[in-house]
Amino acid sequence: MLPGSIQITGETLSGAEIKDICDSLKENSVRLLSIRGCQLSDRDFGRVCRGVAESHSLAQLNMNLGVVSTINRTKHLADALKTNRSIQTLFLHGSPLLDAGLVTLNTALSTHPSLVSLDLGDCMLGDEALRLICAMLPPDGAKSACPTGLRELTLSANPSITTKGWARLAIAVAHSSQLRVLNLDYNPLGDQIAGMLAVAVASSRTLEVLDLEGTGLTNQSAQVFLEMVENYPTCLRVLVLAENAISPELQQQISDLLSEGEEEDDKEGEARGSAANPTREKTAWIPHSNSHPQMVLLTSGLGESLLAETEM
């Protein structure tokens with residue numbers, strides 16, 4: 001457990017427990033609040049949101065697994081985010097937001113001064129929601145309502161998004177000036193959309209991680225990514241292709257090429273850093289397991305992991 005963190009999973013929260021959470025938020029002693037999968041009354045949800053609004057210390061808020069279950073709760077959360085200025089990471093995975101919920105949250109999300117990591121996986125989103133999300137990925141030189149721009153975006157398991165919506169996202173990713181991590185796992189993308197994403201990755205100057213696990217891809221998609229990695233300079237360091245109809249050989253070829261590129265960049269970065277700025281911190285990519293070398297845990301240059309709690 002992180003210092004200054006409250007992490008509760010799958011419990012029914014009493015009024016007394018909610019009061020303790022709110023008091024801690026008001027005292028600015030909490031950096032991570034996670035109430036994923038918890039049951040609480042609408043009144044208590046409103047109390048928590050008011051505490052979030054008043055907190056100056058809260059950096060990460062996890063309301064995964066259906067905590068934001070109604071449009072009224074979405075409105076409470078939007079009001080809290082409009083006032084809060086400290087949250088960097090927001091988890092809403094598994095919340096039935098629908099497009100209407102994103103419309104409600106849009107102004108609060110897009111104008112938040114600190115938000116850089118957003119998880120909207122399994123939120124029943126469609127093309128209208130994705131259009132709003134794309135506006136949070138401002139391109140270089142563009143005027144945008146989003147002060148910072150998202151660095152990490154999760155849109156896993158939102159099957160209602162159409163080819164048109166994914167095409168819009170591919171364009172936004174290609175020109176985003178900030179996005180580093182994009183998780184699209186368990187969406188029915190197929191080879192056509194994967195081809196669009198490959199073009200976006202080749203154009204992007206920032207994207208380092210792309211998760212396409214379980215997205216209906218075949219060797220056709222993998223071959224496109226392989227040729228991209230072989231022939232074009234790219235920032236991509238991690239491409240997750242597990243649970244697709246892709247041969248292990250192709251996956252290994254892509255992984256090897258990405259590893260080679262990372263090693264070369266590390267050597268160049270060390271040479272530049274030792275000459276110009278020996279104390280400069282850099283992004284660290286930590287392997288998740290030996291059996292899946294392409295899976296990683298992201299540790300950002302902000303000094304702490306933006307995704308300190310990665311479980312859904």
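- Side chains of Thr111 and Lys82 form no contact here, defined as non-hydrogen atoms less than 4.5 Å apart.
- Checked against His93 for a side-chain hydrogen bond (donor to acceptor under 3.5 Å, both in side chains), the options Asn64, Asp119, Asp122 give a single hit: Asp119.
- The shortest distance between side-chain heavy atoms of Leu197 and Leu184 falls below 4.5 Å.
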Is there a side chain to side chain contact (heavy atoms under 4.5 Å, CB included) between Cys134 and Leu169? Walk through the geometry before answering. CA-CA 6 Å; Cys134 286; Leu169 178 67; 4.0 Å; yes
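- Looking only at side-chain heavy atoms (C-beta outward), Leu153 and Val181 stay at 4.5 Å or farther from each other.
- Taking CG from Leu65 and OG from Ser34, the interatomic distance works out to 9.0 Å, rounded to the nearest 0.5 Å.
- Linking ILVMFWY residues whenever their side-chain heavy atoms come closer than 4.5 Å, directly or via other members, leaves Leu241 and Val199 in distinct clusters.
- Hydrophobic cluster membership is shared by Leu226 and Met228, with clusters built from Ile, Leu, Val, Met, Phe, Trp and Tyr side chains linked at under 4.5 angstrom.
- Proximity of a side-chain donor or acceptor of Ser24 to a complementary backbone N or O of Ser29 within less than 3.5 Å is not detected.
- The backbone N or O of Leu120 lies less than 3.5 Å from a partner atom in the side chain of Asn158, making a donor-acceptor pair.
- Counting heavy atoms from C-beta on, the side chains of Leu92 and Leu77 come closer than 4.5 Å.
- Val224 and Leu258 end up in different hydrophobic clusters when Ile, Leu, Val, Met, Phe, Trp and Tyr side chains are linked at under 4.5 Å.
- Using a 4.5 Å cut-off between side-chain heavy atoms of Ile, Leu, Val, Met, Phe, Trp and Tyr, with links allowed through other members, Phe91 and Tyr186 fall into different hydrophobic clusters.
- The line from CE of Met136 to OG of Ser176 is 12.5 Å long, rounded to the nearest 0.5 Å.
- Side-chain contact check for Ser55 versus Asn28: some heavy-atom pair is nearer than 4.5 Å.
- Under the side-chain hydrogen bond (donor to acceptor under 3.5 Å, both in side chains) rule, Asp191 has a single partner from Thr215, Thr218, Asn244, Asn219, which is Thr218.
- When every heavy atom of Glu152 is checked against every heavy atom of Leu179, the shortest pair comes out as N-CD1, 4.0 Å.
- Taking CZ from Arg180 and OG1 from Thr206, the interatomic distance works out to 9.0 Å, rounded to the nearest 0.5 Å.
- Thr74 places no side-chain N or O within donor-acceptor distance of the main-chain N or O of Val68, the cut-off being under 3.5 Å.
- Hydrophobic clustering (side-chain heavy atoms under 4.5 Å, transitive across Ile, Leu, Val, Met, Phe, Trp, Tyr) groups Leu182 together with Leu102.
- A donor-acceptor pair under 3.5 Å links the side-chain atoms of Arg73 to the main chain of Val67, judged by distance alone.
- Between the CG atom of Asp42 and the OG atom of Ser69 there is a distance of 6.5 Å, given to the nearest 0.5 Å.
- Checking Pro159, Ser95, Pro96 one by one against Met124, the side chain to side chain contact (heavy atoms under 4.5 Å, CB included) holds for a single residue, Pro96.
- One N or O on the side chain of Asp211 and one on the backbone of Glu213 form a donor-acceptor pair closer than 3.5 Å.
- The closest donor-acceptor contact from the side chain of Ser255 to the backbone of Gln251 lies at 3.5 Å or more, if one exists at all.
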Kindly indicate, with the supporting measurements, whether the criterion side chain to side chain contact (heavy atoms under 4.5 Å, CB included) is fulfilled by Thr89 and Leu32. CA-CA 9 Å; Thr89 300; Leu32 166 61; over 6 Å; no
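- If you take NE2 on His112 and CG on Leu109, they are separated by 8.5 Å, rounding to the nearest 0.5 Å.
- Inspection of the Asn84 and Ser86 side chains reveals an N or O donor paired with an N or O acceptor under 3.5 Å.
- The backbone N or O of Arg85 sits less than 3.5 Å from a side-chain atom of Ser114, completing a donor-acceptor pair.
- The pair Arg47-Asp44 meets the salt-bridge criterion, since a charged nitrogen lies less than 4.0 angstrom from a carboxylate oxygen.
- Between Asp79 and Lys75, no side-chain nitrogen of the basic residue sits less than 4.0 Å from a carboxylate oxygen of the acidic one, so the salt-bridge criterion is not met.
- Residues Val48 and Leu33 form a side-chain contact, since some pair of their non-hydrogen atoms from C-beta on lies under 4.5 Å apart.
- By the 4.5 Å heavy-atom criterion applied to side chains, Val201 and Leu239 are not counted as neighbours.
- Side chains of Asp185 and Ser156: a donor-acceptor N/O pair is present below 3.5 angstrom, by distance only.
- Within the model, atoms CG of Leu58 and CD1 of Ile6 stand 9.0 Å from one another, a figure rounded to the nearest 0.5 Å.
- Across Ala170 and Ala200, no two heavy atoms sit closer than the pair O-CB, 3.2 Å.
- Trp166 is not listed as a side-chain neighbour of Gln192, based on a closest heavy-atom distance of 4.5 Å or more.
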